[in-house]
Asker: 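Got a structure for you, questions after.
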Amino acid sequence: MGLALAVHHIAFAPGADRAAQRLLALQVGALAGGLRLVQLREKDGGLDGAARRDFAAAVVARVHAVGGRVLVNDDVELARAVGADGVHLSSTALRATAVRPEMPLVAASCHDAAELEAAIALGCQFAVLGPVAPTASHPGAASLGWARFAELVAECPIPVYGLGGLS
């Protein structure tokens, strides 16, 4: 019997309150559909300072209201400040982290065996591993394939979820 993990990524909206409201409305729809784990992820520098913190706090409040949990991508201080449940470390942050962040839930993004071992050694509750298949968002990037994915997770003591190029 396989397990599925549905994680909804909420990117920080670029500046405007309307964009943030649209993202929150979208998230509320996903929560109504049963989603219970949300990752706040900012890769393109959307909101800054107080606006970023306020948006993250609003997401945490909405998700917690339905019994869900929130991970903040790479920002332990923001996660603590807004009462998030944990942090999701990018592979870059994972490689730079020697001590597990003091958060109830810590997860990591991994791309190879060394990163997966680092996530285990750090005490992560779960990891995501990929890309499993070619992705439109990273054209030309090498993918693991299902055989290599299965090989890497066969003896893994933590749950590992495939991502990248999956539908």
Asker: Where do Ala81 and Arg53 come nearest, in terms of heavy atoms and distance?
Answerer: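 Minimum heavy-atom contact is CB-CD, 4.4 Å.
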Asker: Tell me whether Val153 is reachable from Leu166 by hopping between hydrophobic residues (I, L, V, M, F, W, Y) whose side-chain heavy atoms are closer than 4.5 Å.
Answerer: yes
Asker: So, Asp85 side chain and Leu105 main chain: donor-acceptor pair closer than 3.5 Å or not?
Answerer: no
Asker: Any link between Val66 and Leu40 through a network of hydrophobic side chains (Ile, Leu, Val, Met, Phe, Trp, Tyr) touching at under 4.5 Å?
Answerer: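 Yes; tracing contacts between hydrophobic side chains, which count when under 4.5 Å, links both residues.
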Asker: Rounded to the nearest 0.5 Å, how far does CG of Leu163 lie from CZ of Phe149?
Answerer: 8.5 Å
Asker: Would Ile158 and Gln125 satisfy side chain to side chain contact (heavy atoms under 4.5 Å, CB included), going step by step from the backbone distance to the final call?
Answerer: CA-CA 6 Å; Ile158 63 173; Gln125 277 89 358; over 6 Å; no
Asker: Can you list every pair that meets salt bridge (Lys or Arg N to Asp or Glu O under 4.0 Å) and has a residue in residues 137-162, with sequence neighbours left out?
Answerer: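 For residues 137-162, and leaving out neighbouring residues, the salt bridge (Lys or Arg N to Asp or Glu O under 4.0 Å) pairs sorted by first residue read Arg148-Glu151.
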Asker: Excluding sequence neighbours, so at least two apart, what forms side chain to side chain contact (heavy atoms under 4.5 Å, CB included) with Ala107?
Answerer: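 Counting only residues at least two positions away or on another chain, Ala107 forms a side chain to side chain contact (heavy atoms under 4.5 Å, CB included) with Leu71, His88, Phe126.
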Asker: I need the Leu89 CG to Asp74 CG distance, nearest 0.5 Å.
Answerer: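 If I round to the nearest 0.5 Å, the distance is 6.0 Å.
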Asker: Closest approach of Leu144 and His111, non-hydrogen atoms and distance?
Answerer: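 Nearest heavy atoms, Leu144 then His111: CD2-O, 3.7 Å.
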Asker: Considering all heavy atoms of both residues, which atom of Ala119 and which atom of Ala108 are nearest to each other, and what is their separation?
Answerer: CB-CB, 4.0 Å
Asker: Would you find a donor on one side and an acceptor on the other, under 3.5 Å apart, between the side chain of Arg80 and the backbone of Met103?
Answerer: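 No; judged by distance alone, with no hydrogens or angles, the pair does not exist.
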Asker: Give a yes or no on whether Val63 and Leu78 share a hydrophobic cluster (residues Ile, Leu, Val, Met, Phe, Trp, Tyr; joining criterion: side-chain heavy atoms under 4.5 Å apart).
Answerer: yes
Asker: Quick one: pull up CD in Glu117 and CG in Leu94 and give me the separation to the nearest 0.5 Å.
Answerer: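 Between Glu117 CD and Leu94 CG, I get 11.0 Å after rounding to 0.5 Å.
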Asker: Closest heavy-atom contact between Val99 and Thr97?
Answerer: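 Heavy-atom minimum between the residues: O-CG2, 3.1 Å.
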Asker: Rounded to the nearest 0.5 Å, how far apart are CG of Leu116 and OG of Ser91?
Answerer: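 Between Leu116 CG and Ser91 OG, I get 12.0 Å after rounding to 0.5 Å.
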Asker: Which pair of non-hydrogen atoms, one from His64 and one from Gly83, has the smallest distance, and what is that distance?
Answerer: CE1-O, 3.1 Å
Asker: Please assess Val82 against Val70 for the test side chain to side chain contact (heavy atoms under 4.5 Å, CB included), listing each intermediate value before the final yes or no.
Answerer: CA-CA 10 Å; Val82 300; Val70 178; over 6 Å; no
Asker: Between Leu122 and Pro101, what is the shortest heavy-atom contact and its length?
Answerer: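 Scanning both residues completely, I find the closest heavy atoms to be CD2-CD, 4.5 Å.
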